[in-house]
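Naming: A, B, ... by sequence-line order, numbering from 1 per chain.
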There are 2 protein chains.
Amino acid sequence: MHRYTPVAHIKSEHIPRATIQRLAVYVQVLENLKRDGTEVISSEHLARICAVNPSQIRKDLAYFGEFGVRGVGYYIEDLISAIKKSLGVDRTWNCALVGVGNLGRALLRHKECRTRGFNIVGVFDCDPFKIGEILAGQEVICSRRLVEKVKELDIEIGIITTPPERAQRAANYLVDAGIKGIVNFAPTRLSVPEEVEVEYVDFFHNFFNVAFKITLRELPNG
Amino acid sequence: MHRYTPVAHIKSEHIPRATIQRLAVYVQVLENLKRDGTEVISSEHLARICAVNPSQIRKDLAYFGEFGVRGVGYYIEDLISAIKKSLGVDRTWNCALVGVGNLGRALLRHKECRTRGFNIVGVFDCDPFKIGEILAGQEVICSRRLVEKVKELDIEIGIITTPPERAQRAANYLVDAGIKGIVNFAPTRLSVPEEVEVEYVDFFHNFFNVAFKITLRELPNG
DNA sequence: GGCCTAATGTGAAATATTGGACAACCCGGC
DNA sequence: GCCGGGTTGTCCAATATTTCACATTAGGCC
């Protein structure tokens with residue numbers, strides 16, 4: 001089964017952001033294939049599923065090491081592990097959720113957070129009516145107590161699900177608490193020190209994309 | 001106030017996907033600025049907020065027309081309209097939601113869908129226990145009836161929020177119904193005919209991104 | 001009305017990413 | 001142990017995107 005040990009070398013070259021995005025897609029596809037019982041896959045086959053070029057895949061993987069077997073392809077299970085390790089998601093990350101609205105509650109209920117390694121270990125809000133409420137087994141804590149709690153619970157990532165007008169304040173609390181990264185679901189840009197990584201999530205951007213692509217097609221010149 | 005009428009020319013050049021993504025960000029930022037009462041902005045100021053290069057912004061906009069005023073900048077209200085029109089989101093799009101789980105329910109409750117012009121006018125599921133249930137004023141309909149309903153309700157976009165194993169079947173129904181685009185929240189790639197546009201949404205990709213960026217920073221060589 | 005300031009729109013240079021081609025090499029069969 | 005089919009890893013060319021630099025022009029002031 002595991003006839004081959006992947007070798008990671010992590011060249012300290014710059015890695016394109018697009019590569020990281022694609023690696024996440026590869027993991028998704030590979031996990032589905034694994035679930036269906038496939039054990040080995042070639043870059044060509046994987047490429048067809050992901051709608052990318054086969055050399056693209058080989059190159060993306062090459063940034064991190066040699067995970068394939070010439071003449072054979074990639075052992076799916078090993079490849080999943082190798083990619084996850086490369087991306088830093090072969091471990092768990094403790095997260096703080098700030099803002100208990102619709103979206104925040106949905107995330108708390110979403111079991112996949114835990115299976116993917118992102119454990120929400122602290123839930124915060126500034127609304128006195130919400131503080132003390134128990135959600136998915138966790139007590140909602142006042143956002144002002146972020147500094148103490150982040151240290152106590154060893155939290156590295158903050159998830160902002162507040163309304164836009166309160167997102168920056170939430171970010172400030174998180175930064176003061178010494179968080180390393182923020183995933184911001186609020187539709188605002190944040191201003192944070194350079195050493196804090198921010199990712200913006202707004203699925204209306206995806207809706208815009210579809211709308212645009214449909215609009216383009218329906219233009220006179222196709 | 002509106003001293004200038006934007007001129008759109010929509011060059012039929014290829015437009016980079018990254019440009020479309022950024023335009024969506026510009027709209028987000030501009031709408032927040034407008035809410036705060038700002039009326040005019042320069043590419044330099046907008047660039048600082050969005051953390052991009054000013055010429056990047058000017059070039060992105062240039063794909064679609066000349067929306068600025070030399071020596072002055074951009075009139076925010078006009079610019080928002082111009083970008084939205086360019087992206088095809090200056091109108092409403094009727095959408096079908098397929099799959100009534102946690103995420104589907106959250107989207108239905110999410111008022112912003114409507115304000116952004118994406119109206120969910122049909123809700124579908126294949127679970128007999130869910131069919132007939134009323135959610136946010138809408139009756140859950142059997143997925144098999146998609147073909148008739150899509151035509152009846154003039155639906156152009158499908159939103160898939162089923163579990164991964166049922167996503168492809170949902171996509172098939174939508175394709176048969178003659179849908180133009182799909183936003184897929186299920187963690188699977190879909191196989192659809194070339195004329196249907198698909199956008200994949202998986203915010204764990206964003207979590208992966210943060211995790212990776214933090215991991216990189218903590219590497220010995222920084 | 002002409003001049004000055006300021007910020008756009010755009011061609012050209014720099015940079016980054018992608019795709020193609022092929023040598024390297026693994027595995028199974030003989 | 002060697003040979004052939006098959007697929008990777010990687011170099012290089014092609015393409016795409018970003019950034020720079022500046023000519024152009026709108027608007028305000030005298």
Enquirer: Does D/dT18 have its OP1 or OP2 closer than 4.0 Å to a side-chain nitrogen or oxygen of B/Arg22?
Expert: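 It does, given that an N or O in the side chain of B/Arg22 lies less than 4.0 Å from OP1 or OP2 of D/dT18.
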Enquirer: Let me know the distance between NE2 of A/His14 and P of C/dT15, rounded to the nearest Å.
Expert: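 So the NE2-P distance, A/His14 to C/dT15, works out to 14 Å.
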Enquirer: Salt-bridge test for A/Arg58 and A/Glu66: reply yes if a basic N is under 4.0 Å from a carboxylate O, no otherwise.
Expert: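 Not counted as a salt bridge, because no side-chain N and carboxylate O are separated by less than 4.0 Å.
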Enquirer: Nearest-Å distance, CD1 (A/Ile57) to C1' (C/dG20)?
Expert: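 Computing the A/Ile57:CD1 to C/dG20:C1' distance gives 16 Å.
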Enquirer: Does A/Arg189 make a cation-pi contact with A/Tyr200 (under 6.0 Å, within 45 degrees of the axis)?
Expert: yes
Enquirer: Rounded to whole Å, how long is the line connecting atom CG of B/Leu46 with atom P of C/dA7?
Expert: 14 Å
Enquirer: Write down the distance between OH (A/Tyr63) and P (C/dT18), rounded to a whole number of angstrom.
Expert: 8 Å
Enquirer: Could you check whether any side-chain N or O of B/Asn53 sits under 3.5 Å from a backbone N or O of B/Ser55, counting only pairs where one atom can act as donor and the other as acceptor?
Expert: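 Checking the backbone N and O of B/Ser55 against the side chain of B/Asn53, a donor-acceptor pair under 3.5 Å is found.
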Enquirer: Going by the rule side chain to side chain contact (heavy atoms under 4.5 Å, CB included), which residues pair with A/Asn102 if we only count those two or more places apart in sequence or in a different chain?
Expert: B/Arg109
Enquirer: Would you please confirm or rule out a distance under 4.0 Å between OP1 or OP2 of D/dT8 and any side-chain N or O of A/Tyr75?
Expert: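 For D/dT8, neither OP1 nor OP2 has a side-chain N or O of A/Tyr75 closer than 4.0 Å.
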Enquirer: For a quick check of understanding: with a heavy-atom distance under 4.0 Å over all strands, which category does A/Thr19 fall into, base, sugar-phosphate or nothing?
Expert: nothing
Enquirer: Strictly by ring-ring contact (aromatic ring centres under 6.0 Å, His included), give each pair with a member in residues 156-197 of chain A just once, sequence neighbours left out.
Expert: A/Phe185-B/Phe203
Enquirer: With DNA chain C as reference, determine whether B/Glu44 or A/Ala18 sits nearer its 5' end, using the nearest nucleotide of each.
Expert: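 Result: B/Glu44.
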Enquirer: Is it true that B/Arg217 and A/Glu194 make a salt bridge, defined as a side-chain N closer than 4.0 Å to a carboxylate O?
Expert: yes
Enquirer: If you pin B/Ser43 and A/Gly71 to their nearest nucleotides in DNA chain C, which one's is more 5'?
Expert: B/Ser43
Enquirer: Specify the separation, in whole Å, of atom CG of B/Leu79 and atom C1' of C/dT8.
Expert: 12 Å
Enquirer: Whole-Å distance between C/dA7 P and B/Arg48 CZ?
Expert: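 One finds 11 Å between P of C/dA7 and CZ of B/Arg48, rounded.
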Enquirer: In whole angstroms, how far is the P atom of D/dT8 from the CG atom of A/Leu61?
Expert: 10 Å
Enquirer: Where do N or O atoms of nucleotides 19-23 of chain D meet protein N or O atoms at under 3.5 Å, pair by pair?
Expert:
unit_1: D/dT19; atom_1: OP2; unit_2: B/Gln56; atom_2: OE1; d: 3.2
unit_1: D/dT19; atom_1: O4; unit_2: B/Lys59; atom_2: NZ; d: 3.3
unit_1: D/dC20; atom_1: OP2; unit_2: B/Asn53; atom_2: ND2; d: 3.1
unit_1: D/dA21; atom_1: N6; unit_2: B/Arg58; atom_2: NH2; d: 3.4

Enquirer: Within this structure, what is the CG-to-C1' distance between A/Asp78 and C/dC26, rounded to whole angstrom?
Expert: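 The answer, rounded to whole Å, is 15 Å.
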Enquirer: Please identify which of these residues, B/Val123, B/Thr161, B/Val100, B/Val183, meets the side chain to side chain contact (heavy atoms under 4.5 Å, CB included) condition with B/Leu107.
Expert: B/Thr161
